[in-house]
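Shown next, in structure tokens, is the structure this report addresses.
Residue numbers start at 1 and run along the sequence shown.
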Amino acid sequence: YRAYRMLDRDRLPAELVAPADQERPVRCATPQLREAAAARSWMSPAGVAALDAVLGAPLPARSEQTTSTNFAVIVGEDGGVSAGVVDQWLVTLEEVWTAEVDQTGFDAPPCTDQHYFDVYIGNTGADVPSIENDVYGYVTHYGNDCPYMVVHGDYPGGWGAAEVTAAHEFQHGIQSGYDWWEGDWWMEATAVWAEELVYPDVNDYLQYLNGGSWMDYPEYSLFYEDGWHEYGNVAFILYLDEYQGGAQTVRNMWERCKVEDADQAIDSELVALGWSLDEGFVDFTAHLSGHFFEDGDLWNAVWTNGNHSAYPVDQAVAQYTPEQYGSNYIEFLPDGGGATTLEVTLDTDDANEKLGMALVAFEGGSATYDVDWGAPPLTLSVADFGGAVDKVVMAVSLLSSTGTQPGSGGVSYSYQATVGGSSGDDDAADDDDDADDDDDGAGDGGGYGCGCRVDGRDSAMAAPLLLLLVIALRRATR
């Protein structure tokens, strides 16, 4: 039935058809087709036949195929697609190959050393696969495990939608040569990232972040999959690209997926860069708090759990709390009493949990931040709060998995905030250096007081950086 929904919803029983205005569009049907392929071994013969009926029966000998250097575009027996559209598809597909394979260094998809990569224009005849109107495209495999793609002849949103579909689905074709059975949270996030890699001006990915999407639910685990959230994980992949070594880092992580699960592959590659998944995720939350990304001015504000302008604060948080590799954001505004030091302590009742904490200090159009992570309590401070610093955002993340599963809710925590009363080494960098010089860089706890400034692309993140921020309006209600 999930395959029917992606390929030919008219085959669905009436009781399973949701009203169109109550259904979120499904942009990529690759996960559902992957699931269906895994189920073939235990499906009944009738079930397999029903699945094949919507996939079509691609034929090795075709009269309606047009080829380029690496691709064959196939139109079904009913036709209806002009030669100009076919040629435009071939030009786009070759652009995608150049960017993802030749320039970024990904392995070419399986079988393309001997055969064209086949791309079907769906719904153009009984001899080609079907595809639903709200599905951009998908990749699945022939019986010999060679991948092929199914797309539309045209897209209501213009050719930009076709371009990002080609980049996204071709990345899935590439992924099948690394590990076809990785989690959707990783496969879809990196496929959406490939859209930006090849066609950075289209920005189709914003639908996965804005308007009630990923930015409104940052507490969900990076590993959470609901058919939509995993696409918004592109925010984390963009962080890896912009701040942890560029596209090569993402490619290297996929190379590691040949022998490791994705979360292990991410951690291994970040360790090779002198970081870790834990440290990188906490650093990501600092960047997310102020939209420190190339497209950050296009992103909605991340959901804020609370804000304070009167001190001291002693707050327990039990709702919308972060799951593993999820995050919360709390704002602190000056109380009008003049420049002082803001000190924030983060804690949880479960000593077995590992938390991450970033404290981001905004000074007009720029920001600095410090982070800490490990066993609670964690404490950071910001000087000149109410002076040069006009806002502070705390990002809270859960780095351990004890007691939480993706989609099941997070771990409760508490925080205390005070102003004034500190002297000498109020600066967050000094506080952090004193407390965490024992960090071994392996991601098992610690922190750093970098006083980092944030700005554009930088793979090392060792030197101070600067960025002018464009802050979107915050949603008043969740």
Side-chain angles (χ1 to χ4, degrees), residues 6 26-34 37 70-71 89-112 116-120 131 135-141 145-152 155 160-205 207-208 225 227-228 230-242 246-258 262 265-266 269:
M6 302 301 113
V26 180
R27 297 311 192 195
C28 173
T30 299
Q32 290 77 15
L33 272 293
R34 222 164 36 108
N70 296 296
F71 295 91
W89 264 115
L90 288 170
V91 169
T92 297
L93 290 161
E94 290 294 346
E95 290 174 348
V96 169
W97 181 291
T98 297
E100 297 189 27
V101 176
D102 297 338
Q103 295 176 353
T104 308
F106 281 105
D107 293 347
C111 306
T112 54
Y116 293 116
F117 189 101
D118 289 341
V119 179
Y120 291 89
I131 184 171
V135 175
Y136 278 17
Y138 61 86
V139 164
T140 189
H141 293 78
D145 290 333
C146 296
Y148 64 89
M149 185 189 306
V150 181
V151 296
H152 293 282
Y155 289 79
E163 289 174 331
V164 296
T165 297
H168 182 115
E169 299 305 336
F170 184 67
Q171 176 65 200
H172 282 321
I174 287 172
Q175 291 167 359
S176 71
Y178 288 95
D179 184 357
W180 189 235
W181 304 109
E182 282 294 346
D184 292 344
W185 67 270
W186 172 243
M187 294 185 72
E188 292 304 322
T190 49
V192 176
W193 163 80
E195 302 173 16
E196 278 293 285
L197 176 74
V198 186
Y199 297 108
D201 295 329
V202 175
N203 293 326
D204 187 79
Y205 79 99
Q207 64 182 306
Y208 308 125
E225 300 171 355
W228 195 259
E230 53 267 41
Y231 294 80
N233 282 345
V234 66
F236 180 64
I237 311 304
L238 288 170
Y239 162 78
L240 296 174
D241 183 353
E242 295 184 26
Q248 287 299 318
T249 293
V250 182
R251 192 210 71 83
N252 292 346
M253 289 171 177
W254 265 108
E255 186 69 29
R256 292 178 184 275
C257 284
K258 292 178 178 179
I266 295 170
E269 184 62 21

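Residue Trp254 is tested with Trp186, Phe106, Trp193 for a ring-ring contact (aromatic ring centres under 6.0 Å, His included); the sole match is Trp186. Of the residues listed (Phe170, Tyr148, Trp89), the one engaging Phe117 in a ring-ring contact (aromatic ring centres under 6.0 Å, His included) is Phe170, and it is the only one. Checking Glu195, Glu100, Glu188 one by one against Gln171, the side-chain hydrogen bond (donor to acceptor under 3.5 Å, both in side chains) holds for a single residue, Glu100. Among Thr165, Asp118, Leu93, Thr140, the one residue that satisfies the side-chain contact (heavy atoms from CB on, under 4.5 Å) test with Met149 is Leu93.
Side chains of Cys28 and His172 form a contact here, defined as non-hydrogen atoms less than 4.5 Å apart. For the pair Asn203/Glu196, a side-chain contact is recorded, criterion being any heavy-atom separation below 4.5 Å from C-beta on. When side chains are defined from C-beta on, Tyr116 does not count as touching Cys146, because their heavy atoms never get closer than 4.5 Å. Residues Glu182 and Gln175 fail the side-chain proximity criterion, which asks for heavy atoms closer than 4.5 Å. Side chains of Leu240 and Met253 form a contact here, defined as non-hydrogen atoms less than 4.5 Å apart.
In this structure a side-chain-to-backbone donor-acceptor pair under 3.5 Å is missing from Asp241 to Ile237. Using modelled atom types, one side-chain atom of Glu94 and one backbone atom of Asn70 make a donor-acceptor pair closer than 3.5 Å. In terms of modelled atom types and a separation under 3.5 Å, the side chain of Thr190 and the main chain of Met187 share a donor-acceptor contact. With hydrogens and angles ignored, the 3.5 Å screen pairs a side-chain donor or acceptor of His152 with a backbone N or O of Val135. The closest donor-acceptor contact from the side chain of Tyr178 to the backbone of Asp107 lies under 3.5 Å.
In terms of the salt bridge (charged side-chain N to carboxylate O under 4.0 Å, His left out) criterion, residue partners of Glu255 (sequence neighbours excluded) are, by chain and number, Arg251, Lys258. Shown here are the side-chain hydrogen bond (donor to acceptor under 3.5 Å, both in side chains) partners of Tyr199, two or more places apart in sequence or in another chain: Glu95.
Closest non-hydrogen pair, Leu197 versus Ala247, comes out as CD1-CB, 3.9 Å. Taking every heavy atom of both residues into account, Arg34 and Trp180 meet most closely at NH1-O, 2.7 Å. The two residues Pro147 and Val139 come nearest to each other via the heavy atoms CB-CG1, 4.0 Å. Nearest heavy atom pair, residue Ala189 against residue Trp185, reads CB-O, 3.2 Å. Between Val198 and Ala99, the shortest heavy-atom contact is CG2-CB, 3.7 Å. Nearest heavy-atom pair, Cys257 versus Ala262, reported as atom, atom and distance to 0.1 Å: SG-CA, 3.9 Å.
Ring geometry, Tyr239 versus Phe236: the interplanar angle falls under 30°, so the pair is classed parallel (tilted spans 30 to 60°).
Between atom CH2 of residue Trp228 and atom CD of residue Gln207 there is a gap of 4.5 Å, rounded to the nearest 0.5 Å. A distance of 5.5 Å separates CD in Glu230 from CG in Asp184, rounded to the nearest 0.5 Å. The distance from the CH2 atom of Trp181 to the OG atom of Ser176 is 10.5 Å, given to the nearest 0.5 Å. Residue Asn233 holds its CG atom at 11.0 Å from CG of Leu238, rounded to the nearest 0.5 Å.
A donor-acceptor contact closer than 3.5 angstrom links the side chains of Thr30 and Glu169.
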For side chain to side chain contact (heavy atoms under 4.5 Å, CB included), just list the numbers for Thr92 and Phe71, CA-CA rounded to whole Å, side-chain angles, deciding distance to a tenth of an Å, and then say yes or no. CA-CA 10 Å; Thr92 297; Phe71 295 91; over 6 Å; no
Give the intermediate values and the outcome of side chain to side chain contact (heavy atoms under 4.5 Å, CB included) for residues Thr112 and Trp97. CA-CA 11 Å; Thr112 54; Trp97 181 291; 3.7 Å; yes
